[in-house]
Amino acid sequence: MCTETGEIVTLGIVKSTAASQVSHMLQEIIAKRPTFRPRIIYTDTWPCSGDFWMNIFGKCLTGRLGLFHLMKRILDTLNPRCALYWKALVEFKASVYRYHDVDEANLIRQLKNGKMAKDGKCYSDLEIHQLQHSKRWKQRYQEYLRKIFHPPDTAKHWLVEWSNKFKDMKDSDGKSLFSHDTEKVALEQTKKIEYIQDLE
């Protein structure tokens, strides 16, 4: 199916996400559409899988790592039972991207005037701050907020700063936020931050 702007939407069902399964599916798609040559691909393993994708689609392909996958690799090493988890999560996201200023201002205004709640609840500044430090912020409002990624060098620096800040922290119950893998994984992901950048 072709969209109004020319993108081709294709669904493929495979037994697993193994490269052999995906490769076979893509070869079949290309056989039916010989002129199909994507310029950008988002994948959960870029840049490690670069050669695989370029063998299929050509050397002109630009690869991108999905933001979700970069973040998940780090967040999976954190202790979600630590009281510092949500504070660290918010600061971690801020080290990689910020929200579009106008989008965020519009959302905050709508929250304060009651237009974002079915019951007309008007949120206070404190309540908005608490929402921003909870999973409800993403669940309820992500679709209203465009992300603007920091330049790679800035994001790398801030991610290292984030790691240095939280690596030895414990909550009031003595629970550590970082596992023994977190610092190492965070450092490894700084090498991949440039691949989450969207093209201008």
Inset, instruction - Scan Met116, Lys121, Glu127, Arg140 and name whichever one has a side chain to side chain contact (heavy atoms under 4.5 Å, CB included) with Leu111. - result: Met116

Legend entry - For Tyr123 against Ala117, the heavy-atom pair lying closest together: CE1-CB, 4.4 Å

Legend entry - Sub-4.5 Å side-chain heavy-atom contact between Lys112 and Asp125: yes

Inset, instruction - Verify, without hydrogens or angle tests, whether Asp103 (side chain) and Arg146 (backbone) share a donor-acceptor contact under 3.5 angstrom. - result: yes

Inset, instruction - For the residue pair Asn106 and Tyr144, establish whether any side-chain heavy-atom pair is separated by less than 4.5 Å. - result: no

Inset, instruction - Answer yes or no: is there a side-chain heavy-atom contact under 4.5 Å between Trp46 and Lys192? - result: no

Inset, instruction - Mind checking the NZ-OG spacing from Lys184 to Ser179? Nearest 0.5 Å is all I need. - result: 9.0 Å

Inset, instruction - Verify the neighbour count for atom CG of Asp173: are there more than 12 heavy atoms of other residues, nucleotides or ligands below 6.0 Å? - result: yes

Legend entry - Minimum heavy-atom distance between Lys87 and His133, given as atom pair plus value: CA-CD2, 4.3 Å

Inset, instruction - Please round to the nearest 0.5 Å and tell me the distance separating atom CZ of Arg64 and atom CG of Leu70. - result: 13.0 Å

Inset, instruction - Identify the heavy atoms of Leu75 and Tyr85 that sit nearest to each other, and give their distance. - result: CB-OH, 4.4 Å

Legend entry - Shortest non-hydrogen contact from Pro47 toward Tyr195: CG-CE1, 3.5 Å

Inset, instruction - Return the minimal non-hydrogen interatomic distance between Leu177 and Leu84, and the atom names on each side. - result: CD1-C, 4.2 Å

Inset, instruction - Ignoring hydrogens and angles, tell me if any N or O in the side chain of Thr190 forms a donor-acceptor pair with the backbone of Lys156 under 3.5 Å. - result: no

Inset, instruction - Would you kindly check if the NZ (Lys) or CZ (Arg) of Lys93 is within the cone defined by 45 degrees around the ring axis of Tyr97 and under 6.0 Å from the six-membered ring centre? - result: no

Legend entry - Ser176 and Lys170, any side-chain heavy atoms less than 4.5 Å apart: yes

Inset, instruction - Please lay out, stage by stage, how Lys165 and Glu161 fare under the test salt bridge (Lys or Arg N to Asp or Glu O under 4.0 Å). - result: CA-CA 6 Å; Lys165 176 179 178 177; Glu161 290 285 298; over 6 Å; no

Legend entry - Trp158-Phe149 aromatic ring centre distance below 6.0 Å: no

Inset, instruction - With Ser95 as reference, evaluate Val160, Leu159, Thr154 under the side chain to side chain contact (heavy atoms under 4.5 Å, CB included) test and give the passing residue. - result: Leu159

Inset, instruction - Verify the neighbour count for atom NZ of Lys72: are there more than 12 heavy atoms of other residues, nucleotides or ligands below 6.0 Å? - result: no

Inset, instruction - Check whether any side-chain heavy atom of Leu78 lies under 4.5 Å from a side-chain heavy atom of Phe178, and answer yes or no. - result: yes

Legend entry - Euclidean distance, Asp44 CG relative to Phe68 CZ, rounded to 0.5 Å: 9.5 Å

Inset, instruction - Kindly indicate whether the side chain of Glu104, heavy atoms from C-beta on, has any atom under 4.5 Å from the side chain of Leu145. - result: yes

Inset, instruction - Find out whether Val96 and Met71 are in side-chain contact, i.e. whether some heavy atom of one side chain is under 4.5 Å from a heavy atom of the other. - result: no

Legend entry - Separation between OG1 of Thr62 and CZ of Phe57, rounded to the nearest 0.5 Å: 13.5 Å

Legend entry - Pairwise distance CH2(Trp53) to OG1(Thr45) - rounded to 0.5 angstrom: 7.5 Å

Inset, instruction - Give, for atom CD1 of Ile74 and atom CG of Leu89, the distance between the pair rounded to the nearest 0.5 Å. - result: 11.0 Å

Inset, instruction - Decide yes or no for Lys147 and Leu67: does some side-chain heavy atom of the first lie under 4.5 Å from some side-chain heavy atom of the second? - result: yes

